[in-house]
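Some notes on the structure that comes next.
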Amino acid sequence: TSAEVQAVQLKILRSLSGEKRLLLAMEMSLFTRALARSRIRSEHPEWTEAQIARELLRIAFQPAPLPPALR
């Protein structure tokens, strides 16, 4: 990203209300998880949804091990 484009992006983000910024962050998080889920599913088509969910959690907590309740 060029410095000029980055400045425009920053200006737009600063103009958003706190609520809009939070919604944008949540949307980006959901989108990122959906991409990760798709990648895992394509790499392991035989896995169940539970196994895919567990792998997403493992990735999220890396490098720390998963909490015992999530294993």
Interatomic distance, [X] atom [atom1] to [Y] atom [atom2] [nearest 0.5 angstrom]:
{"X": "Glu43", "Y": "Ile52", "atom1": "CD", "atom2": "CD1", "result": "10.5 Å"}
{"X": "Leu13", "Y": "Lys20", "atom1": "CG", "atom2": "NZ", "result": "13.0 Å"}
{"X": "Arg37", "Y": "Glu55", "atom1": "CZ", "atom2": "CD", "result": "11.5 Å"}
{"X": "Arg21", "Y": "Leu16", "atom1": "CZ", "atom2": "CG", "result": "6.5 Å"}
{"X": "Met26", "Y": "Met28", "atom1": "CE", "atom2": "CE", "result": "11.5 Å"}

Glu4 atom CD, over 12 foreign heavy atoms within 6.0 Å: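 No.
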Residues, nucleotides or ligands: over 12 heavy atoms within 6.0 Å of Glu19 CD: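 Open: at most 12 neighbouring heavy atoms sit under 6.0 Å from CD of Glu19.
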Side-chain donor-acceptor pair present, Ser29, Arg33, cut-off under 3.5 Å: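 Their side chains do contain a donor-acceptor pair, which is all the 3.5 Å distance test asks for.
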Flag side-chain contact, heavy atom, 4.5 Å: Val5 against Ser2: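 Yes, at least one pair of side-chain atoms sits under 4.5 Å.
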Side-chain heavy-atom pair Ile59, Arg39 within 4.5 angstrom cut-off: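 They are in contact (side-chain heavy atoms under 4.5 Å apart), so the answer is yes.
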Side-chain (Gln51) to main-chain (Thr48) donor-acceptor, under 3.5 angstrom: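 Judged by distance alone, yes, a pair lies under 3.5 Å.
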Side-chain ion pair, Arg41 and Glu46, N-O less than 4.0 Å: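 Answer for the salt bridge query: no.
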Cluster overlap Leu56 with Phe61, hydrophobic side-chain contacts below 4.5 Å: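 No, it is not one cluster - the side chains of Leu56 and Phe61 are not joined through contacts under 4.5 Å.
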